[in-house]
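Quantities reported herein were computed from a predicted structural model and do not represent experimental measurements.
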Amino acid sequence: MSSRREFSIALLALLGAPTAHADDFSRRLVDAARERTRRRETYDGAYRPIGYPMGDVPDHLGVCTDLVIRAYRKLGLDLQVLVHEDMRKAFHRYPARWGMKDPDRNIDHRRVPNLQAFFEHQGAARKVSDAPTAYEPGALVTWRLPGNLPHIGIVSNEHVRGTRRPRILHNIGAGPVEDDILFVYPITGHYRYAG
């Protein structure tokens with residue numbers, strides 16, 4: 001470490017304590033996700049070949065994972081590359097679904113179970129809780145929707161009026177929105193990832 005301040009920040013991060021950097025990152029992540037709610041976007045999870053790195057489906061298309069991917073990209077973190085590289089190193093630690101025998105940089109980062117595995121591998125998993133205050137702005141939450149469908153969203157810095165329950169930035173089918181769904185579906189994961 002080059003300074004006592006950097007050492008203190010690193011120590012606080014290791015202990016799980018919030019830092020000014022983490023707070024700034026979370027604020028910027030929420031802002032980036034909220035910006036997506038101002039765009040018209042058709043829900044479309046079709047497989048498409050995309051570039052690498054920084055590959056993306058057309059901007060007017062997307063699913064729940066695309067809101068998360070695009071918000072992180074706005075902050076300089078490319079989940080396409082990060083997930084792909086982690087899968088290349090440890091493919092066996094990812095869900096054995098979709099009949100895949102090797103990583104596919106076109107789609108792997110766009111699948112909720114793969115994002116969950118990646119965040120767990122990065123030490124970003126947090127305890128799932130029934131307490132709304134456990135979910136801080138910029139955290140990621142995953143759910144199991146009816147039909148056994150996985151879903152992901154970003155915890156907002158806005159609360160549902162008259163409560164301490166945070167709103168969620170997500171795309172559940174009608175384009176990116178910010179609304180009250182934290183406890184509507186069973187929560188399957190809670191993560192804080194800042195790269």
Side-chain angles (χ1 to χ4, degrees), residues 22 25-48 50 56-75 77-80 82-83 95 107-120 122 124-195:
F25 183 90
S26 296
R27 180 191 52 76
R28 292 185 300 124
L29 184 66
V30 168
D31 288 348
R34 185 171 288 125
E35 191 275 328
R36 295 299 308 178
T37 68
R38 298 182 188 111
R39 299 171 182 242
R40 294 186 64 106
E41 189 174 291
T42 301
Y43 193 89
D44 184 340
Y47 180 92
R48 287 181 174 78
I50 58 177
D56 198 1
V57 297
D59 193 60
H60 68 283
L61 302 176
V63 293
C64 61
T65 52
D66 293 312
L67 178 131
V68 172
I69 292 161
R70 289 167 173 160
Y72 272 96
R73 277 205 176 133
K74 191 93 170 180
L75 277 63
L77 291 172
D78 186 358
L79 287 172
Q80 180 191 28
L82 294 167
V83 171
I107 192 71
D108 288 333
H109 62 298
R110 297 184 70 214
R111 292 178 164 150
V112 173
N114 287 343
L115 288 179
Q116 289 178 281
F118 172 76
F119 294 134
E120 288 168 12
Q122 303 306 308
R126 300 295 180 262
K127 183 179 178 189
V128 171
S129 174
D130 292 333
T133 55
Y135 300 92
E136 296 178 344
L140 301 161
V141 178
T142 58
W143 297 267
R144 184 68 52 196
L145 303 181
N148 204 30
L149 299 173
H151 185 56
I152 191 168
I154 298 174
V155 177
S156 172
N157 56 1
E158 299 287 329
H159 291 88
V160 175
R161 185 177 295 177
T163 76
R164 298 186 69 190
R165 189 171 60 253
R167 295 165 60 92
I168 302 294
L169 295 144
H170 68 121
N171 182 349
I172 202 166
V177 295
E178 182 173 5
D179 62 13
D180 178 15
I181 69 147
L182 179 60
F183 297 123
V184 172
Y185 305 105
I187 296 174
T188 59
H190 174 202
Y191 311 91
R192 286 193 68 80
Y193 180 71

Notebook entry, point to check: So, S26 versus R192: side-chain donor-acceptor pair below 3.5 Å or not?
Noted result: yes
Checklist line | L115 side, atom CG; L79 side, atom CG - distance, nearest 0.5 Å | finding: 6.0 Å
Checklist line | Residue pair I154 / I168, side-chain heavy-atom distance below 4.5 Å | finding: no
Margin query: Please verify the inter-ring angle class for Y193 with F118; under 30° counts as parallel, over 60° as perpendicular, anything in between as tilted.
Written below: perpendicular
Checklist line | Interatomic distance, Y191 atom OH to Q122 atom CD [nearest 0.5 angstrom] | finding: 12.5 Å
Margin query: Could you measure the distance from the CZ atom of R28 to the CG atom of D31? Nearest 0.5 Å is fine.
Written below: 9.5 Å
Next item on the list: Would you give the length of the straight line joining atom OG1 of T142 to atom OH of Y185, rounded to the nearest 0.5 angstrom?
Entry: 14.5 Å
Margin query: Less than 4.5 Å apart, side chain to side chain, heavy atoms only: is that true for L29 and L75?
Written below: yes
Notebook entry, point to check: If we only count heavy atoms from C-beta on, is the P132 to H159 side-chain gap below 4.5 Å?
Noted result: no
Notebook entry, point to check: Does any pair with a residue in residues 60-75 pass salt bridge (Lys or Arg N to Asp or Glu O under 4.0 Å), and if so which ones, sequence neighbours excluded?
Noted result: E41-R70, D56-R70, D66-R110, R73-D78
Next item on the list: Scan side-chain atoms only and decide if E178 and S156 contain a donor-acceptor pair under the 3.5 Å cut-off.
Entry: yes
Check: How many angstroms lie between atom CG of L140 and atom CD1 of I152, to the nearest 0.5 angstrom?
Finding: 5.0 Å
Checklist line | Results of ring-ring contact (aromatic ring centres under 6.0 Å, His included) for H170 - residues two or more places apart only | finding: H151
Notebook entry, point to check: Regarding N157 and R167, is there a side-chain donor-to-acceptor distance under 3.5 Å anywhere?
Noted result: no
Next item on the list: Would you indicate whether the side-chain heavy atoms of L182 and P166 approach each other to under 4.5 Å?
Entry: yes
Notebook entry, point to check: Between V177 and R36, is a side chain to side chain contact (heavy atoms under 4.5 Å, CB included) present by the stated rule, with each step listed?
Noted result: CA-CA 8 Å; V177 295; R36 295 299 308 178; over 6 Å; no
Margin query: Going by the rule side chain to side chain contact (heavy atoms under 4.5 Å, CB included), which residues pair with V128 if we only count those two or more places apart in sequence or in a different chain?
Written below: Y135, I187, H190
Item checked: Where A174 and N171 come nearest, the two heavy atoms and their spacing -> N-OD1, 3.9 Å
Checklist line | Test applied, salt bridge (charged side-chain N to carboxylate O under 4.0 Å, His left out); reference residue, R165; option that passes from D179, D180, D130 | finding: D180
Check: For the residue pair N114 and P95, what are the closest heavy atoms and their distance?
Finding: OD1-CD, 3.4 Å
Next item on the list: Evaluate the side-chain proximity of V155 to V141: yes if any heavy-atom separation is below 4.5 Å, no if none is.
Entry: yes
Margin query: Nearest 0.5 Å, please: how far is CZ in R38 from CD in E35?
Written below: 6.5 Å
Next item on the list: List the steps and the verdict of side chain to side chain contact (heavy atoms under 4.5 Å, CB included) for W143 and I181.
Entry: CA-CA 10 Å; W143 297 267; I181 69 147; 3.9 Å; yes
Item checked: Validation row: I69, Q80 side chains within 4.5 angstrom (heavy atoms) -> no
Note to self: Please evaluate residues D59 and R39 with respect to the criterion side chain to side chain contact (heavy atoms under 4.5 Å, CB included), reporting the C-alpha separation (whole Å), side-chain torsions for both, the decisive distance (0.1 Å), and the verdict.
What the structure shows: CA-CA 9 Å; D59 193 60; R39 299 171 182 242; 2.7 Å; yes
Check: Nearest heavy-atom pair of A33 and L169: which atoms, and what distance?
Finding: CB-CD1, 3.9 Å
Next item on the list: Given side chain to side chain contact (heavy atoms under 4.5 Å, CB included), test F25 with L77 step by step and report yes or no.
Entry: CA-CA 11 Å; F25 183 90; L77 291 172; 3.7 Å; yes
